[in-house]
Amino acid sequence: MSLFLDPSKLPAILERYYSSPEIMKTRLVGRDRKFPSAYFDIVRFFGPEHVDPSEVALEYLPGSFEFTDQLIAEFSRQIETELRRQGRLYDGPTVVSLHHFDMSRVPYRLIVQEARYVDQCAGFALDLTSPLFSKWGGTLRNYYKAKYPSLDARDSPLAICFGICGLVIVSENDRLRILFVKRSRRLASLEDSIGPSVAGSIEYEPRYSNLRELIEYSLGKEIEEELGLERHEFTIIPLAYAREIFRGDRPQLLCLIRTTLSASEIKDRLLSLDESRREFDDAMFAEIDDDGELRADMLSTLNFEAVMNWYLAEEYFGRL
């Protein structure tokens, strides 16, 4: 993985900015809620205190996201140029950025805005040293944390655009197996790491009235494009909304994906995809043991996105 984002710095980031007792309570995941994830503001869609994503109304702000901080705007342009030079950034549809998640009463409100895909580029390079931020420790992460310490999405100077991901689960011979993929080196973010079965940004289409509709369409499209499955061959189980710390507190929607296809059939679909469409370099199925856990040596190889997705799935299987 490039030093645009440095995973070795994540423990120090979590300790410095996200370790207060109040925030720690919003980071814990897993069957016993003991694992301190790299996410906060977790809203689960299952369990005794769940929120039904159908009860989360979507509201669309007019206009498009614009940087209000000129240093960040300039840095974003520089990273966009560099990613294009490396062949890791392509023009595509606009995406959904978070303005505010209002949990004060039902129906809950998720307020979003349109953004260009490239507006996320600054958040893909938070640990890259730049003279723009020399007075603040040299990186955008140091700069924005010093100048904008609030964790309220409305105060963020970054384009915190929605990601969505999911783990494909298959059952064979009374054993559950989970699909993970080695992300392509050509991707703009979390490249060359082992991630969930499918992951991507959410395209901006202001036609969904609630969060469940958005999840079903957006992840369904990613599954069809990235895995080669057809819409009738899988079922999406929304697990949670959370804000991911490593890439600038961006929101993420995490899911399970059930299918009646076998592991070998799914692998055949993956291999049948045109190489120009593939966002992975390899794919692997990990077996869940008799205790409902992934082997520790497998878990240790996953990127933080896949780890979070797994721990939420572990909770779901136990229905905490």
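These figures come from a predicted structure and were not determined experimentally. Any value given below was found using the heavy atoms of this structure, including those in side chains, with hydrogens, waters and symmetry copies removed.
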To the nearest 0.5 Å, atom CZ of R186 lies from atom CD of E191 at 12.0 Å
Y90 (side chain) donor-acceptor with G87 (main chain) under 3.5 angstrom: yes
Ignoring hydrogens and geometry, is there a side-chain-to-backbone donor-acceptor pair from R295 to D289 under 3.5 Å?
no
| said: Whether the side chain of S19 engages the backbone of R16 through a donor-acceptor N/O pair (distance < 3.5 Å, no angle test) should be reported. | reply: no
Q | Test side chain to side chain contact (heavy atoms under 4.5 Å, CB included) applied to T139 and F133, step by step | A | CA-CA 6 Å; T139 68; F133 310 118; 5.6 Å; no
Salt-bridge test for K182 and D282: reply yes if a basic N is under 4.0 Å from a carboxylate O, no otherwise.
-> no
Keeping E315 on the side-chain end and G30 on the backbone end, is there a donor-acceptor pair under 3.5 Å? yes
Query raised in the report: Is a side-chain N or O of R44 found less than 3.5 angstrom from the main chain of Y316, in a donor-acceptor match?
Result: no
* For the side chain of R27 and the backbone of S37, is there at least one donor-acceptor N/O pair under 3.5 Å apart? -> yes
Checklist entry - Are D155 and K147 ion-paired here, with the side-chain N under 4.0 Å from a carboxylate O? => result no
Checklist entry - When hydrophobic residues are tied together by side-chain contacts of less than 4.5 Å, even through go-betweens, does I42 share a cluster with L28? => result no
Applying salt bridge (charged side-chain N to carboxylate O under 4.0 Å, His left out) to R247 and D127, what does each step give before you reach the verdict? CA-CA 10 Å; R247 287 180 288 185; D127 300 315; over 6 Å; no
*asked:* Cation-pi check for F124 against R88: NZ or CZ below 6.0 Å from the six-membered ring centre and within 45 degrees of the axis, yes or no?
replied: no
Q) Between F67 and R77, is there a cation-pi geometry (under 6.0 Å to ring centre, at most 45° from the normal)? A) no
Answer yes or no: is there an ion pair linking R269 with E265, defined by an N-O contact shorter than 4.0 Å? no
Practice item. Could you check M284 against M298 for side chain to side chain contact (heavy atoms under 4.5 Å, CB included), going step by step and ending with a plain yes or no? Key: CA-CA 11 Å; M284 61 218 75; M298 179 64 197; 4.1 Å; yes
inquiry  = Assess whether a salt bridge exists between E82 and R85, defined as any Lys/Arg side-chain N lying under 4.0 Å from an Asp/Glu carboxylate O.
reply    = yes
Original post:
Does the side chain of V56 come within less than 4.5 Å of N210's, by heavy atoms?
Top reply: no
Between D119 and S76, the two heavy atoms sitting closest are O-OG, 4.0 Å
Taking every heavy atom of A286 against every heavy atom of F180, the minimum-distance pair comes out as CB-CE1, 3.9 Å
| query | When you check the gap from the basic side-chain N to the acidic O, do D192 and R185 get nearer than 4.0 Å? | reply | yes
Working for side chain to side chain contact (heavy atoms under 4.5 Å, CB included), residues L140 and S130: CA-CA 8 Å; L140 172 55; S130 168; over 6 Å; no
Ion pair present between D91 and R116, side-chain N to carboxylate O less than 4.0 angstrom? no
Closest heavy-atom pair, S262 versus E172, reported as atoms and distance to 0.1 Å, is CB-OE2, 3.0 Å
Margin query: Given 3.5 Å as the limit, does a donor-acceptor pair link the side chain of S197 with the main chain of L179, or not?
Written below: yes
Does either side chain, that of Q70 or that of E74, offer a donor lying less than 3.5 Å from an acceptor on the other one? no
Subject >> Main-chain N/O of D249 paired with R243 side-chain donor or acceptor, under 3.5 Å >> reply: yes
Requested in this report: Look only at the side chain of Q86 and the backbone of L83, and say whether a donor-acceptor pair between them is shorter than 3.5 Å.
Outcome: no
Mark yes or no for whether E213, through its side chain, and S209, through its backbone, hold a donor-acceptor pair below 3.5 Å. yes
In terms of heavy-atom contacts, L294 and E287 come closest through CD2-O, 4.0 Å
Would you check if the distance from the ring center of F75 to the ring center of Y143 is below 6.0 Å? no
